[in-house]
There are 2 protein chains.
Amino acid sequence: MKICSQLEVSRRQLLQMGLVTTAATLVPTGVESLFPPESLAQGQDPLPSWNDGAAKQAILNFVRVTTSSSSGHFVPAAERLACFDQDGTTWVEQPIYTQVVYCLNRVPDLVKAKPELANEEPFKTVMSGDRAAMAKLPTPDLYEILGATLTGMTVDTFHDRVQQWITTARDPRWRRLYTELAYQPMLEVMSYFRANGFRTYFVTGGGQDFVRAYCEKVYGVPLEQVVGTMGGGITFGYDAMGNPILTKDPMLLLNDDNAGKPEGIHLMIGRIPHAAFGNSIGDREMLEDTKSGYGERLAMLLLHDDKDREYAYGPVLGLPDSKVGTFTQALYDEAKAKGWPVISMKRDWKRIFAFET
Amino acid sequence: MKICSQLEVSRRQLLQMGLVTTAATLVPTGVESLFPPESLAQGQDPLPSWNDGAAKQAILNFVRVTTSSSSGHFVPAAERLACFDQDGTTWVEQPIYTQVVYCLNRVPDLVKAKPELANEEPFKTVMSGDRAAMAKLPTPDLYEILGATLTGMTVDTFHDRVQQWITTARDPRWRRLYTELAYQPMLEVMSYFRANGFRTYFVTGGGQDFVRAYCEKVYGVPLEQVVGTMGGGITFGYDAMGNPILTKDPMLLLNDDNAGKPEGIHLMIGRIPHAAFGNSIGDREMLEDTKSGYGERLAMLLLHDDKDREYAYGPVLGLPDSKVGTFTQALYDEAKAKGWPVISMKRDWKRIFAFET
């Protein structure tokens with residue numbers, strides 16, 4: 001996910017966007033119970049939501065050989081690093097990225113604060129609720145909405161707003177909090193890596209500060225382990241009382257997608273990861289970079305081929321094309337040629353969400 | 001330290017620059033023995049190179065109250081974060097920043113690779129060894145030297161070059177490796193913080209990739225805990241064999257000095273530190289930001305007032321003025337007014353370097 005590709009959604013997707021609702025009442029998130037404890041009893045299956053198969057075996061094998069001193073592929077604890085794309089890899093990204101839904105949901109409050117916007121495009125169209133008209137908004141107008149809702153406030157204000165939204169807004173299909181749409185099998189993988197001394201990082205096209213508002217509670221990933229798009233620059237200054245404040249400004253520091261992912265990993269971490277998980281062409285360079293490192297490395301892709309339980313999109317293998325989370329045949333062919341295991345959501349995952357019985 | 005202020009050295013300092021020598025033979029660094037083990041025996045003084053006094057007590061008190069659950073100022077382990085400026089705070093920065101010495105020392109190799117540079121300014125002047133002429137090089141020429149020696153190669157090549165240099169080049173005054181000029185009292189502080197569950201970060205105007213070449217061995221700071229100036233952008237690409245490579249490019253992403261320090265801390269970490277140490281006006285905003293956080297916070301400044309054992313510069317308190325590591329009276333007054341303890345190198349430190357007997 002990147003700010004640009006967020007805007008390359010189809011009109012159909014923008015139409016579906018209008019279906020999004022925000023729950024009026026604050027409900028307990030319950031997200032802390034989403035992931036299992038970091039240590040596992042001997043003999044316990046660390047990946048109970050996975051069916052047996054090549055994908056599950058690839059993960060188990062990788063962790064075994066990199067943490068066993070006798071394997072010849074042992075990785076010292078300080079270097080154990082696993083990177084995860086977020087949208088479409090660890091939670092649902094269809095029909096539209098959660099962060100874009102947040103931006104659209106923010107428009108009413110924006111207009112409340114600046115009533116003159118009610119008669120200005122593109123805010124007028126978003127306020128009208130006219131889905132067909134919203135679907136026709138040109139890309140620069142969508143950029144304006146992202147800029148207006150993601151920048152121009154202190155980092156604390158932004159953090160509070162996202163946290164308030166993410167604990168109340170619900171996806172229209174499942175009527176669940178967006179954080180409940182985290183993939184249980186991937187939460188298990190992240191816990192399994194951590195239980196084996198790996199630090200788990202997000203490397204996401206999503207906004208860094210957006211993801212930081214929930215990554216610890218939902219995914220067990222600490223704030224400092226989010227490498228994201230720095231869509232807003234950060235400016236130091238003082239408030240009216242002379243207290244230091246940090247403000248989010250419209251300036252693109254790093255577009256953390258495609259080549260931006262390994263670039264961001266170098267800037268923020270300075271090490272090549274030993275394992276990386278993605279699901280789209282935006283993750284290709286991160287996976288290539290991961291495999292370029294010395295010794296045993298794991299690069300995996302998640303294929304969304306389960307229309308009934310989640311979504312099915314490609315266009316790989318004849319699946320419907322999608323501008324969100326595009327998985328091309330060329331990426332698939334590269335994965336096959338280079339030995340990157342592809343996870344089939346349909347075949348490899350016993351269950352997708354924690355709330356499934 | 002920042003790329004800009006590196007260039008604001010006086011002509012006198014540029015003259016002294018020429019004194020720098022590079023040892024011809026590789027010598028063992030011995031740096032790993034510079035810092036004590038991370039756990040301390042009960043009752044052992046964690047800061048043996050410090051004289052008793054307000055500065056030492058401030059550090060001991062801060063760690064005690066933030067790690068004691070009954071103090072009312074307890075900080076959970078995940079949030080324990082201490083940030084350290086590097087140049088002039090944890091190692092010698094006079095008469096000129098070590099990284100600039102590296103850049104000047106690189107020029108002969110640069111000319112060897114591109115012989116046409118031998119007749120081009122500013123390289124011609126650097127090659128001449130004419131210190132007076134070098135001292136007169138205008139700022140854009142110095143920028144050209146920094147750009148030519150810090151960018152235009154892969155991150156791996158740069159890392160190897162710095163590592164080779166830093167394990168052989170010697171400071172002209174002490175005839176010691178630059179890494180041996182790390183301040184023993186500050187190495188003790190960093191170890192003491194880590195032994196108490198704090199993660200220690202560098203927040204330095206120095207180049208991020210430069211510092212990463214030695215920070216683990218010399219300071220016990222892992223690569224991913226360096227927030228530095230990103231003076232070169234990072235570009236992902238492929239080599240002739242089709243293997244992924246990351247190249248350093250001339251593009252300023254973040255000038256990690258002054259306001260850039262808290263901005264960089266937010267971008268790279270996302271938390272306000274609980275403790276921060278600096279020594280110059282470039283650290284002011286980091287210290288202000290640190291103290292703006294909720295609860296107990298520690299902000300400290302090191303004053304270089306020991307001409308005999310190291311250097312003395314200000315211009316605070318009538319010490320000689322310096323463009324490198326400037327400590328103004330205004331900064332001193334702010335420290336006194338806000339209760340930031342000022343460390344006197346002369347009074348507070350029993351010894352400065354590990355090699356002192």
Side-chain angles (χ1 to χ4, degrees), chain A residues 77-79 81 154-156 159 199 201 208-209 211-213 215-216 220 222-228 230 232-239 241-249 253-254 258-272 284-293, chain B residues 77-79 81 154-156 159 199 201 208-209 211-213 215-216 220 222-228 230 232-239 241-249 253-254 258-272 284-293:
Chain A
E79 296 171 22
L81 187 66
T154 67
V155 297
D156 294 336
H159 186 89
R199 276 155 302 142
Y201 274 75
Q208 192 159 288
D209 285 333
V211 178
R212 280 174 174 165
C215 60
E216 290 192 324
L223 303 187
E224 49 271 69
Q225 290 173 205
V226 177
V227 180
M230 304 176 200
I234 299 295
T235 307
F236 178 88
Y238 303 92
D239 66 15
M241 305 287 287
N243 300 312
I245 49 168
L246 290 168
T247 307
K248 290 172 73 67
D249 284 321
L253 268 181
L254 175 73
N258 301 103
K261 291 205 172 193
E263 292 164 6
I265 289 170
H266 181 78
L267 288 171
M268 301 274 293
I269 310 173
R271 301 183 197 273
I272 298 176
R284 181 187 153 203
E285 288 84 350
M286 172 171 72
L287 269 54
E288 288 177 344
D289 194 55
T290 298
K291 292 293 281 188
S292 78
Chain B
E79 294 170 22
L81 186 67
T154 67
V155 296
D156 293 337
H159 186 88
R199 275 156 301 144
Y201 273 76
Q208 194 159 288
D209 285 333
V211 179
R212 281 175 175 165
C215 60
E216 290 191 326
L223 304 187
E224 50 270 69
Q225 289 172 208
V226 178
V227 180
M230 304 175 200
I234 298 296
T235 306
F236 178 89
Y238 303 93
D239 67 14
M241 305 287 288
N243 299 313
I245 50 168
L246 290 169
T247 308
K248 290 174 70 70
D249 285 319
L253 268 181
L254 175 74
N258 302 103
K261 291 204 173 194
E263 292 164 4
I265 290 170
H266 181 78
L267 287 172
M268 302 274 291
I269 311 174
R271 301 182 197 273
I272 298 176
R284 181 187 154 203
E285 288 85 350
M286 173 170 71
L287 270 54
E288 290 177 342
D289 193 54
T290 298
K291 293 291 281 190
S292 78

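As a basis for the values below, the full set of heavy atoms in this structure was taken, side chains included, without hydrogen atoms, waters or symmetry mates. To find a chain, count down the sequence lines: A is the first, B the second, and so on, and within it residues start at 1.
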### Message
Measuring from atom CE of B:Met268 to atom CD1 of A:Ile269, what distance do you get when rounded to the nearest 0.5 angstrom?
### Response
9.0 Å
### Summary
Given A:Ser292, A:Pro262, A:Gly260, A:Gly237, the one with more heavy-atom pairs under 4.5 angstrom with chain B than any other is A:Pro262
### Query
With respect to chain B, which residue among A:Gln225, A:Glu288, A:His266, A:His159 yields the maximal number of heavy-atom pairs within a distance under 4.5 Å?
A:His266
### Results of side chain to side chain donor-acceptor pair (under 3.5 Å) for A:Glu79 - residues two or more places apart only
none
#### Entry: Residue A:Leu246 versus chain B: region with a heavy atom under 4.5 Å
side chain
### Task
Sequence neighbours left out, what passes side chain to side chain donor-acceptor pair (under 3.5 Å) with A:Arg199? Give chain and number order.
B:Glu224
### Under-4.0 Å salt bridge between A:Glu216 and B:Arg271
yes
### Message
Heavy-atom pairs under 4.5 Å with chain B - which of A:Ile245, A:Thr235, A:Asn243, A:Val227 has more of them than the others?
### Response
A:Thr235
### Query
Say you draw a straight line from CZ of B:Phe236 to CD of A:Glu263; how long is it, rounded to the nearest 0.5 Å?
8.5 Å
### Query
With a 4.5 angstrom heavy-atom cut-off, which part of B:Asp289 approaches chain A: side chain, backbone, both or neither?
both
### Query
Hey, what do you get for CG (A:Leu81) to CG (B:Leu223), rounding to the nearest 0.5 Å?
10.0 Å
